[in-house]
Amino acid sequence: MNLRVALGSIIAKDLRAYYLKPPHLSWGVIFPLAWAGMFFIRSGSGLDSVAALLPGVIAVSVLFGTTSMLAVTITFERKSGALDRLLLAPIPLEWLMLAKTVNAIAFGVANAVPPILLAGCLTGFSGVAWEEVIPTLVLIAVSSAFTGLFVAVTASEVFEAQMFSNFFRFPMLFLCGLFFPIQQLPAWLRPLSYCLPLTYGADALHASIRQSGQMPLSLDFGMLILLSALLFAFSVRNIRRRWIP
Amino acid sequence: MNRQPIKDNGAIDVRGLTKRFGAVQAVAGVDFDVREGELFGFLGPNGAGKTTTINMLVGLARPDAGTIRIAGIDCSTRPKAAQHLVGVVPDVSNLYPELTGFSNLCFCGALYGMARRDRQARARELLHAFGLSQAADRKFGGYSKGMKRKLTIAAGILHQPPVLFLDEPTTGIDVASARQIRQLIADLNAKGTTIFLTTHYIEEAQRLCRRIAFIVQGRIVRIDTVENLMRQADGRCAVQFAVSRHGAMLAEAMAAAFPGLECRALGEDAVSVASPESVHVGPLVRFIEDHGAEVFEARRIRPSLEEVFVRVTGIEAAAMRQDAERARVGGDL
């Protein structure tokens, strides 16, 4: 059994069937640009605010792009019975789910490009530590993809997946320190913030773009990896329980 | 990719298979085995536990108890090794609607690790064999039901599995396509593929299978060769009378007057009479005429597997209902 052939085919098939479709491609550009435009133009502080807003806008673009695609594609395949075909193949479940998430991770990282380019055109890229930004982007996309996987496993309909995704995503906009520091949140909400992977992703972006991180970068990366691993393990456990009853 | 031979003589061996979903006992201690190269039928009404059984056999459901061995491999300890040896054609045509027929087959071959050249060659071969070459580059979503079914079967056998599970392969398709699919199944079996077929078309099972299991309410009530099952039916004599009127009344009166006969009304203009011994037609005709009806025709009915199925599963279902009622009364007490 050549596992590489099987996993490569799943990735290529998903890319062709979902991610490279014109509506998704244009959505991957328009949606992050809309986020960026909304925050940059309406912030009221002129170009000075762009650098301050950029980490939040990037994180939101990656989060929404990744979770939307994965939750919908997996729920759609589950509903049509096509996912059963994958479960019947002699591929370990963990590898199968990793193959299903690879494209979502890449799509999420690509979603970060429009706001970065827009910000670069407006204010330039001085002071940005790219060697930190890029791994941070990947880790945010990974953690968001596994959040999407967690949602997809829980939902049985596409609309349920969309609704359930928002249940996670919108609170994250306020809880994860994207646009204002966590310290401004009520004290009783802060523990919840520290349980969310995006908190560490946003902090790492603030550190690498504006040198204004609240936690050590190693802690941000460590927590992103740990929470991603937990989300993945929990999702795979749920798949075994719910999809292979 | 060449077909992998089954080392053990038994292709499928199932012992004490049990599955419960909440309060529903879907499968209750099922035992059977399917020999290498056999075409084995699994018959039962809707909700009997056919699909749950097949799902457990192929790894889409976990048994609560019991063991499954595919080609000697224990599916509870090495499920993926067993999955490599099986092909599955589910009851729904679940290929990807946005991919072409050819791409769908190539993708399914890749899932089993087949090299690009091998899977492309095999996909072309199967498209040709299934009469779908002309539709190879059309999207699966645009196929007719019969074409979808054929391509789904092709996807199940692309990697040349020694054991094939077919779940209701001809349900919901036109007569011509169903006939073609039955021929494809027979050909596959003739080439050595072990086939586990679930269907509720009894005639289909009778025509294709060597052995058949009847499953009712999660229990196998009978496993035997088609020959033996038919022999059981052959021992019975059944005669159908076409009458002018009073079919229901006549059946009731005949049952009372001739206690050794099973009399059944087939509407108001026909009565069927069955017996383990030969049926003497003369007294019955006179009896019908004495009751004010004319007999237009009396003909011997050829026994069918359907009759055996109804008789076997009916008796067992009634017994199981009694068991369940007894258990409930016991529980209430």
Side-chain angles (χ1 to χ4, degrees), chain A residues 1-25 69 72-100 102-103 153 156 158 236-245, chain B residues 1 4 19-22 26 52 54-64 73 78-100 103-104 106-119 139-141 152 155-156 158-159 161 165 167:
Chain A
M1 168 72 189
N2 191 335
L3 195 60
R4 211 176 44 174
V5 168
L7 299 179
S9 290
I10 293 170
I11 294 166
K13 191 274 296 170
D14 280 357
L15 201 62
R16 219 163 9 131
Y18 306 118
Y19 293 89
L20 291 182
K21 286 276 164 74
H24 296 145
L25 278 177
M69 287 301 287
V72 170
T73 54
I74 287 192
T75 317
F76 172 72
E77 286 195 2
R78 175 90 185 115
K79 183 80 182 156
S80 69
L83 204 68
D84 282 350
R85 191 161 285 285
L86 304 182
L87 294 173
L88 286 169
I91 304 169
L93 188 60
E94 291 79 3
W95 282 108
L96 179 61
M97 287 302 126
L98 283 174
K100 292 298 286 179
V102 162
N103 284 312
V153 174
S156 52
V158 174
V236 170
R237 180 175 154 271
N238 272 357
I239 289 168
R240 285 212 167 88
R241 286 173 55 177
R242 295 172 68 99
W243 295 357
I244 311 170
Chain B
M1 184 184 277
Q4 298 177 32
K19 183 72 184 174
R20 174 179 280 277
F21 294 107
T52 303
I54 220 171
N55 280 348
M56 288 191 280
L57 294 177
V58 301
L60 283 182
R62 282 170 297 165
D64 295 336
I73 295 170
R78 298 173 60 206
K80 291 296 165 187
Q83 279 180 331
H84 201 71
L85 297 175
V86 305
V88 183
V89 179
D91 56 349
V92 288
S93 300
N94 64 349
L95 292 169
Y96 295 90
E98 63 282 353
L99 298 185
T100 64
S103 301
N104 260 305
C106 288
F107 176 66
C108 290
L111 291 179
Y112 290 82
M114 288 174 75
R116 182 192 294 265
R117 190 178 296 177
D118 291 346
R119 61 184 189 248
K139 288 190 176 176
F140 180 71
T152 307
L158 195 100
H159 60 291
F165 291 90
D167 196 0

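- The minimum heavy-atom distance between B/Asn94 and A/Gly81, with the atom names listed, is ND2-O, 2.8 Å.
- Atoms CG and CG, from A/Leu87 and B/Asn55 in turn, are 10.5 Å apart once rounded to the nearest 0.5 Å.
- Scanning all heavy atoms of the two residues, the minimum distance from B/Arg62 to A/Arg240 falls at NH2-O, 3.1 Å.
- The minimum heavy-atom distance linking A/Arg85 with B/Leu111 is given by the pair O-CD1, 4.2 Å.
- Contact of B/Pro79 with chain A is not made at all, since no heavy-atom distance falls under 4.5 Å.
- In terms of modelled atom types and a separation under 3.5 Å, the side chain of B/Lys80 and the main chain of A/Pro90 share no donor-acceptor contact.
- Listed here is the closest heavy atom pair of A/Ala89 and B/Gln83: O-OE1, 3.3 Å.
- For B/Cys108, the part lying under 4.5 angstrom from a heavy atom of chain A is the side chain only.
- For the pair B/Phe107/A/Ile10, a side-chain contact is recorded, criterion being any heavy-atom separation below 4.5 Å from C-beta on.
- Surrounding CZ of B/Arg20 are more than 12 heavy atoms belonging to other residues, nucleotides or ligands, all under 6.0 Å away.
- Of all the heavy atoms in B/Arg119 and A/Ser9, the pair that sits closest is NH2-OG, 4.0 Å.
- Expressed to the nearest 0.5 Å, how far NZ of A/Lys13 lies from CG of B/Leu99 amounts to 7.0 Å.
- Contacts of A/Leu7 with chain B are absent, with no heavy-atom separation under 4.5 Å from either backbone or side chain.
- For the set A/Leu88, A/Leu93, A/Leu83, A/Val5, the count of heavy-atom pairs under 4.5 angstrom toward chain B peaks at A/Leu88.
- Heavy atoms only, all atoms of each residue included: B/Ser103 and A/Arg16 are closest at OG-NH1, 3.9 Å.
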